[in-house]
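Reading through the structure tokens given below for one structure.
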Amino acid sequence: MVWAVIVALPLLSVAAEEKAPGPKDPVSPSADFRGKVESGGSWVRAALVTAQGGRIEGELLLPFATLELGVPADGTAKKRPVPLAEIASIEFTRWRGQRRQKNEYAFYPSLIRVTLADKTALETGAGIRVLHKLRLRTGERSRTLYSYFFDYREKDAWKNSGEKDMAYPEKNPHGETVIKIELVHSSETSPLDAIIKLLSK
């Protein structure tokens, strides 16, 4: 009987260690420096601009070669395929809140302006999920930034801003939210940049 108890104790200890951790509270999206890079997609030179005015340059991982835009035409939204090579910038100009819990809201881009290389501007009200989470590589480091954000109602006001107007976050995102993606295509790269990139390999 004593031996049975002695053998059982280590087994109970192992079982306790293997118990899965409980769920954690959601964290508001922000810059992430964990260095994880997803496979697939193309790395494109880009600059990400945040709502607080920050500008981060590097290589952006994009999982598409053509962006399908729902562009208004003749009173309806028609899909227009836009090749990545023709896009100069993508700007998020408005967000729509989705209630997640009692006082928690997630705000996703609801109005997007895509400017082409020939200066043509296209606006779409359709969400583009592949642009919600953005992977940017700068040198040997990789970070994740977001075009959506969380906000919370506390004492009849928004936690991020202190404003009471329910619609306020729709045009005033959290400071670390990406509001614009500027793409730099290879044809726009200066000879000096090309030489520096070649020597850095």
Side-chain angles (χ1 to χ4, degrees), residues 18-41 44 46-56 58 60-64 66-72 76-77 79 82 87 89-114 122-138 141-183:
E18 292 180 353
K19 185 179 179 182
K24 296 181 179 180
D25 293 333
V27 178
S28 184
S30 61
D32 173 70
F33 302 93
R34 290 173 293 183
K36 296 179 181 178
V37 178
E38 294 177 349
S39 60
V44 180
L48 303 185
V49 180
T50 64
Q52 62 188 3
R55 180 185 172 87
I56 309 169
L60 180 64
L61 180 62
L62 294 176
F64 58 86
T66 301
L67 193 60
E68 293 283 345
L69 297 179
V71 180
T76 61
K79 285 190 175 181
V82 181
I87 299 175
S89 67
I90 302 170
E91 188 173 1
F92 308 101
T93 58
R94 198 179 183 97
W95 289 258
R96 181 180 294 116
Q98 296 181 10
R99 191 170 184 173
R100 292 165 54 93
Q101 296 180 23
K102 183 179 179 181
N103 298 317
E104 180 185 276
Y105 293 78
F107 286 86
Y108 295 94
S110 61
L111 189 60
I112 301 170
R113 180 184 298 116
V114 177
L122 305 173
E123 282 198 341
T124 178
I128 305 175
R129 291 182 61 87
V130 293
L131 296 178
H132 288 174
K133 183 178 180 180
L134 304 164
R135 299 270 182 162
L136 188 72
R137 184 171 63 189
T138 53
R141 303 173 70 188
S142 174
R143 63 184 72 181
T144 303
L145 297 100
Y146 302 85
S147 63
Y148 71 98
F149 62 98
F150 294 125
D151 208 341
Y152 305 83
R153 292 293 290 184
E154 292 185 355
K155 298 180 180 179
D156 199 32
W158 291 110
K159 184 177 179 180
N160 288 341
S161 62
E163 296 287 337
K164 292 189 175 183
D165 184 3
M166 285 295 292
Y168 184 81
E170 293 181 358
K171 292 185 177 180
N172 300 276
H174 185 276
E176 293 181 346
T177 308
V178 174
I179 62 170
K180 190 174 184 180
I181 302 170
E182 299 174 355
L183 300 180

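Remember, predicted model here, so these are calculated numbers, not experimental data.
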Handout entry: Worked verdict on Y146 versus H132 for ring pair (Phe, Tyr, Trp, His ring centres under 6.0 Å)
Key = CA-CA 6 Å; Y146 302 85; H132 288 174; 9.8 Å; no
Practice task
Could you give me the CA-CA distance, side-chain angles and deciding distance for Q52 and E176, then say whether side chain to side chain contact (heavy atoms under 4.5 Å, CB included) is met?
Solution key: CA-CA 6 Å; Q52 62 188 3; E176 293 181 346; 4.1 Å; yes
Practice task
Take I128 and I90 through the test side chain to side chain contact (heavy atoms under 4.5 Å, CB included) and record every step on the way to the result.
Solution key: CA-CA 11 Å; I128 305 175; I90 302 170; 5.8 Å; no
Exercise for the section: Determine, step by step, whether V178 and V49 satisfy the side chain to side chain contact (heavy atoms under 4.5 Å, CB included) criterion, reporting the C-alpha distance in whole Å, the side-chain angles of both residues, the deciding distance to 0.1 Å, and the verdict. Expected result: CA-CA 6 Å; V178 174; V49 180; over 6 Å; no
Handout entry: Working for side chain to side chain contact (heavy atoms under 4.5 Å, CB included), residues T66 and V82
Key = CA-CA 5 Å; T66 301; V82 181; 5.5 Å; no
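With a 4.5 Å cut-off on side-chain heavy atoms, K171 and R94 count as touching. Counting heavy atoms from C-beta on, the side chains of Y105 and R100 never come closer than 4.5 Å. Here the side chains of V44 and L61 are not in contact, with every heavy-atom distance at 4.5 Å or above. Here the side chains of K133 and T144 are in contact, with some heavy-atom distance below 4.5 Å. Counting only heavy atoms from C-beta outward, the side chains of T177 and T50 never approach each other to under 4.5 Å. Side-chain contact check for S161 versus Y168: some heavy-atom pair is nearer than 4.5 Å. At least one side-chain heavy atom of F92 sits under 4.5 Å from a side-chain heavy atom of I181.
Classification of E182 and R55 as a salt-bridged pair holds, one side-chain N sitting under 4.0 Å from a carboxylate O. With salt bridges taken as basic N to acidic carboxylate O contacts below 4.0 Å, none links K79 and E68.
Here the NZ atom belonging to K159 is positioned 11.0 Å from the CG atom belonging to N103, to the nearest 0.5 angstrom. Atom CD of E91 and atom CZ of R113 lie 5.0 Å apart (nearest 0.5 Å). To the nearest 0.5 Å, the span separating OH on Y148 from CD on Q98 amounts to 11.0 Å. The distance from the CD1 atom of I112 to the CG atom of L69 is 8.0 Å, given to the nearest 0.5 Å. Note that CZ of R96 and OH of Y108 are 13.0 Å apart. Values are rounded to the nearest 0.5 Å.
A side-chain donor-acceptor contact under 3.5 Å links R153 to the backbone of K164. Looking only at distances, no side-chain donor or acceptor of N172 sits under 3.5 Å from a matching main-chain atom of A167. Judged by distance alone, with hydrogens and angles left aside, the side-chain atoms of T93 form a donor-acceptor pair with the main-chain N or O of L111 at under 3.5 Å. Panel note: side chain W95, backbone F149; no donor-acceptor pair is recorded below 3.5 Å. Remark: side-chain polar atoms of S147 are paired, donor with acceptor, to backbone N or O of L131 under 3.5 angstrom. In this structure, the side chain of D151 engages the main chain of N160 through a donor-acceptor pair within 3.5 Å.
Residues A51 and H174 come closest through the heavy atom pair CB-O, 3.4 Å. Scanning both residues, A46 and L136, for their nearest heavy atoms gives O-CD1, 4.5 Å. Smallest separation of non-hydrogen atoms from T138 and G58: CG2-CA, 4.0 Å.
The six-membered or imidazole ring of W158 lies near that of F107, with a centre-to-centre distance under 6.0 Å.
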